[in-house]
Amino acid sequence: MEHRIGYACINTSIDATTNKTCRLGNCTDERLRQLIHSNLSGLKEVISWNNRHNIFLYRVSSVIIPFASHEVNKIQWWEEFKDDFEEIGKLIKNTQMRVSMHPGQYVNINSNSPEIVKSSLKELDWHAKFLDSLNLDSTHRLIFHTGGVYGDKTEAKRRFIKEYKNIPENIKARLTLENDDKSYNVQDVLNIHQKTGIPIVFDILHHQVNNTGKKIDDDLESILKLCFATWNDKTGIPKIHYSTQRPGARPGMHADSINIDEFIKFYLKFKNLDFDIMFETKNKEKSVLEVYKRLSN
DNA sequence: AAACGTCAAGTTCCG
DNA sequence: CGGAACTTGACGTTT
């Protein structure tokens, strides 16, 4: 079974970057065009590098289009850079790469404030547009979290489900919910899946620091299978996030590297299941290469 | 050239 | 109540 293993956003082995940005105060159309052009070139280089190193899973940075959902950015980037998007999209498809994006903490579709729900949708919209512009199918996912609790989780969950159902189809087709490290544990998101059909990315470190404490959460194999069952042909092979707790740091904080021994143990135990693995570490692609090296020995 | 304070946004936790 | 942290450090000014 081919398990893809990948990393998020930054390649520390090469100079190419997808993360150039500017300050709101000095943001001009020309500057934005330059930045977008530079970031897309960086993306091309990173994808090529990934392919040469047999890495076929990659998260595209959310700062690749600076101020994408802010009114200061009026660039029709999906039109102006159509050729670049087409080229990168082909590169991704030809190399069987799977990409994802992970909109950040400002997406809270269950917020009490209609304004924040609106800006959350704007944020989701441009991410979907980015992947759509690459002509990628819905196995290339948008990962996000449930949002805040606002003092009443049952009510906040109910709002999430209600708002989710109103999201435009092109966005919903890619949305994927991840268990988080503080508020919504894997049981919460599985429960939301039952009401919405949204697939679940299982984050193993978040699960370690945020679970029900009951027996049900000790059985990793059952949980993996439950999460994997939320995926289908349209949404693609199930996916997990894997990272190691930074020693001595706040629970949930990522270590510099994957703990290779622990990961190999985990991998050997579950490799009969079909799933992709996104590493979240400070050393990025280096953890993937280290694991490759170890697995080939 | 290196060092350092600051940067669009929301929410939560910690001190 | 202020600051840090989060999926992700980079910019711009000063030394």
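In what follows, chains are A, B, ... by sequence order, proteins preceding strands, each numbered from 1.
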Distance in angstrom units between Tyr150(A) OH and dC13(B) C1', rounded: 15 Å

To the nearest Å, give me how far apart CD1 (Ile64(A)) and P (dT8(C)) are. 16 Å

On a whole-Å scale, what distance lies between the P atoms belonging to dA1(B) and dT8(C)? 30 Å

Look at the side-chain N and O atoms of Arg31(A) and state whether any lies under 4.0 Å from the OP1 or OP2 oxygen of dG12(C). yes

Whole angstrom value for the distance that separates P of dA8(B) from CG of Leu35(A): 14 Å

Value in whole Å for how far the P atom of dT11(B) lies from OH of Tyr184(A): 11 Å

Parallel, tilted or perpendicular: ring planes of Trp126(A) versus Phe130(A), cut at 30 and 60 degrees: perpendicular

Answer with base, sugar-phosphate or nothing: what part of the nucleic acid does Ala68(A) contact at a heavy-atom distance below 4.0 Å? base

Is it the case that the base of dA10(C) and the side chain of Thr17(A) share a donor-acceptor contact (distance under 3.5 Å, atom types as modelled)? no

Proximity to the side chain of Arg23(A) - top-ranked nucleotide from dT8(C), dT11(B), dA8(B): dA8(B)

Do Asn232(A) and Thr235(A) get their side chains close enough for a donor-acceptor pair, meaning under 3.5 Å? yes

Regarding Arg294(A) and the six-membered ring of Tyr267(A), is the cationic atom NZ or CZ under 6.0 Å from the ring centre and inside 45° of its axis? no

Determine the Euclidean distance between corresponding C1' atoms of dG5(B) and dA4(C); express it in Å to zero decimal places. 16 Å

Could you tell me the Watson-Crick or G-U partner of dA2(B), where both distances fall under 3.5 Å? Say none if there is no partner. dT14(C)

Please report the interatomic distance CG(Asn94(A)) to CD1(Ile47(A)), rounded to the nearest 0.5 Å. 12.0 Å

Which of parallel (below 30°), tilted (30 to 60°) and perpendicular (above 60°) describes Phe279(A) and Phe263(A)? perpendicular

Nucleotide of dT8(C), dA10(C), dG10(B) approaching Cys9(A) most closely (side-chain heavy atoms): dT8(C)

Take Ala8(A) and Lys20(A), find for each the nucleotide of DNA chain C with the closest heavy atom, and name the residue whose nucleotide sits nearer the 5' end. Ala8(A)

Hey, which sits more toward the 5' end of DNA chain C by its nearest nucleotide, Thr281(A) or Cys22(A)? Thr281(A)

May I ask you to evaluate whether Lys182(A) reaches the phosphate of dA5(C), defined as a side-chain N or O under 4.0 Å from OP1 or OP2? no

Among dT8(C), dG10(B), dA8(B), which is the nearest nucleotide to the side chain of Lys284(A)? dT8(C)

Between Ile65(A) and Gly151(A), which is nearer to the 5' end of DNA chain B once each is assigned its nearest nucleotide? Ile65(A)

May I ask you to verify if any side-chain N or O of Ser111(A) is less than 4.0 angstrom from the OP1 or OP2 atom of dT11(B)? yes

Considering every strand shown, what is the Watson-Crick or G-U wobble mate of dC6(C) when both distances are under 3.5 Å? dG10(B)

Interatomic distance where CD belongs to Glu178(A) and P belongs to dC6(C) [whole Å]: 13 Å

Nearest-nucleotide pick for Asn19(A), side chain only, options being dA8(B), dG10(B), dA10(C): dA10(C)

Does dA8(B) have OP1 or OP2 under 4.0 Å away from a side-chain N or O of Tyr106(A)? no

Distance, C1' atom - from dA8(B) to dC6(C), rounded to whole angstrom: 15 Å

Any idea how Phe266(A) and Tyr242(A) line up, ring-wise: parallel (<30°), tilted (30 to 60°), or perpendicular (>60°)? tilted

Rounded to the nearest Å, what distance is computed from the CG atom of residue Asn26(A) to the P atom of nucleotide dG12(C)? 4 Å

